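Fair warning: this is a prediction, and the values are worked out from it, not measured in the lab.
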Amino acid sequence: KQMIVRGVQGVLLLACALILLACSSPASREGMKPASLPVGKQYPYDVSVQTTGGAETGALDSSNISNADFKAAIESAIIENRLFKGIVQGSDGSDYELNVSIISLSKPSIGFTFTVEMETVWSLIKTDDRRVVLRKGIISTGVATTHDATVAVARLRLAVEAAARDNIAQGLRAIADI
């Protein structure tokens with residue numbers, strides 16, 4: 001009997017460890033891209049996009065936003081909303097540089113409802129004279145509940161993507177309001 005109890009305890013302990021060590025997935029480009037935004041303006045200029053402050057998601061990490069995926073989501077949103085004429089890779093040949101820095105990404109560890117807060121700084125710079133056209137700090141929030149995903153790692157990823165979507169939408173609206 002004691003051996004059976006120990007066996008069951010061992011299986012339960014192993015199951016708990018596997019649940020806690022479930023691989024997280026990074027925020028996806030598609031999940032971070034906001035839906036169509038009524039920005040109203042369409043600038044006849046090219047822009048280059050740079051992102052900093054992101055982090056890759058390791059096997060045992062919670063969901064993060066990589067610089068490359070955040071940049072791709074911003075560029076995709078700019079193109080789809082026609083905010084600028086085009087995207088230039090690198091700063092050579094662009095009329096404007098858009099620099100977006102992730103300052104913080106606060107994520108919960110446990111819970112049924114995950115609320116993620118993201119803080120960024122958006123800077124739009126005219127490349128010919130290095131004049132700062134816009135510098136704005138943006139704080140956004142993303143929420144995911146058990147209705148969105150029952151598995152905690154998926155719920156956290158959805159909340160991170162929602163915070164990034166909101167952040168990108170606020171940033172593009174700020175640029176359109178110039």
Visitor: Within the side chain of Thr141, is there an N or O that forms a donor-acceptor pair under 3.5 Å with the backbone of Glu117?
Guide: no
Visitor: Output all residues satisfying side chain to side chain contact (heavy atoms under 4.5 Å, CB included) with Ile103, sequence neighbours left out; order by chain, then residue number.
Guide: Ser101, Glu119, Val121
Visitor: So Glu56 and Asn64, do their side chains get closer than 4.5 Å, heavy atoms only?
Guide: no
Visitor: Taking the side chain as every heavy atom from C-beta outward, state whether Gln50 and Leu98 have any pair of such atoms under 4.5 Å apart.
Guide: no
Visitor: Is Leu158 linked to Ile168 within one hydrophobic cluster, defined over Ile, Leu, Val, Met, Phe, Trp and Tyr using a side-chain heavy-atom separation of less than 4.5 Å?
Guide: no
Visitor: Gly142 and Ala162: which non-hydrogen atoms are nearest, and at how many Å?
Guide: CA-CB, 3.7 Å
Visitor: Under 4.5 Å between side-chain heavy atoms, chaining through other members, with only Ile, Leu, Val, Met, Phe, Trp and Tyr counted: pull out the rest of the cluster around Ile125, sorted by chain and number.
Guide: Val132
Visitor: Going hydrophobic residue to hydrophobic residue with side-chain gaps under 4.5 angstrom, can you get from Ile79 over to Ile74?
Guide: yes
Visitor: Would you list the pairs meeting salt bridge (Lys or Arg N to Asp or Glu O under 4.0 Å) in which at least one residue belongs to residues 156-175, sequence neighbours left out?
Guide: Arg157-Glu161
Visitor: Are the side chains of Ile87 and Asp46 in touch, meaning some heavy atoms are under 4.5 Å apart?
Guide: no
Visitor: Excluding sequence neighbours, so at least two apart, what forms side-chain hydrogen bond (donor to acceptor under 3.5 Å, both in side chains) with Ser123?
Guide: Arg135
Visitor: Give the minimum heavy-atom separation between Ser48 and Ser94, together with the two atoms involved.
Guide: OG-OG, 3.5 Å
Visitor: Are any of the side-chain heavy atoms of Ile65 and Met118 separated by less than 4.5 Å?
Guide: yes
Visitor: Taking ring-ring contact (aromatic ring centres under 6.0 Å, His included) as the cut-off, I'd like each qualifying pair that reaches into residues 32-51, sequence neighbours left out, listed once.
Guide: Tyr43-Phe84, Tyr45-Tyr96
Visitor: Using the test salt bridge (charged side-chain N to carboxylate O under 4.0 Å, His left out), find all partners of Glu80 that sit at least two apart in sequence or belong to another chain.
Guide: Lys33
Visitor: Please check if any side-chain donor atom of Thr120 sits under 3.5 Å from a side-chain acceptor atom of Asn167, or the reverse.
Guide: yes
Visitor: Spell out, as yes or no, whether a donor-acceptor pair under 3.5 Å connects the side chain of Asp148 to the backbone of Arg155.
Guide: no
Visitor: Applying salt bridge (charged side-chain N to carboxylate O under 4.0 Å, His left out) to Glu97 and Arg130, what does each step give before you reach the verdict?
Guide: CA-CA 9 Å; Glu97 283 179 25; Arg130 306 303 299 163; 2.8 Å; yes
Visitor: About how many Å separate NZ of Lys107 and CG of Leu156, when rounded to the nearest 0.5 Å?
Guide: 6.5 Å
Visitor: Around atom CD1 of Ile178, are there more than 12 heavy atoms of other residues, nucleotides or ligands at under 6.0 Å?
Guide: yes
Visitor: Do Ile102 and Leu134 share a hydrophobic cluster (ILVMFWY, side-chain heavy atoms under 4.5 Å, transitive)?
Guide: yes
Visitor: With a sphere of 6.0 Å drawn around NZ of Lys126, does it hold more than 12 non-hydrogen atoms of other residues, nucleotides or ligands?
Guide: yes
Visitor: Using a 4.5 Å cut-off on heavy atoms from C-beta on, say whether the side chain of Phe70 contacts that of Val100.
Guide: yes
Visitor: Cluster question for you: counting only ILVMFWY and a side-chain heavy-atom cut-off of under 4.5 Å, with indirect links fine, are Val116 and Phe112 together?
Guide: no
Visitor: Ser63 and Ala27: which non-hydrogen atoms are nearest, and at how many Å?
Guide: OG-N, 3.5 Å
Visitor: Quick one: does Asp129's side chain have a donor or acceptor within less than 3.5 Å of a partner on Arg131's backbone?
Guide: yes
Visitor: Would you say Leu83 and Val47 are hydrophobically clustered, going by side-chain heavy atoms of ILVMFWY under 4.5 Å?
Guide: yes
Visitor: Looking at every heavy atom in both Pro108 and Thr115, which two are closest together, and how far apart are they?
Guide: CD-O, 3.4 Å
Visitor: Got a second to check how far Gln170's CD is from Ser140's OG, nearest 0.5 Å?
Guide: 6.0 Å
Visitor: Find the distance between OG1 (Thr51) and CH2 (Trp122) and round it off to the nearest 0.5 Å.
Guide: 10.0 Å
Visitor: Tell me whether Ser104 contacts the main-chain N or O of Ser106 through its side chain, where contact means a donor paired with an acceptor under 3.5 Å.
Guide: no
Visitor: Are the side chain of Lys41 and the backbone of Asp177 linked by a donor-acceptor contact shorter than 3.5 Å?
Guide: no
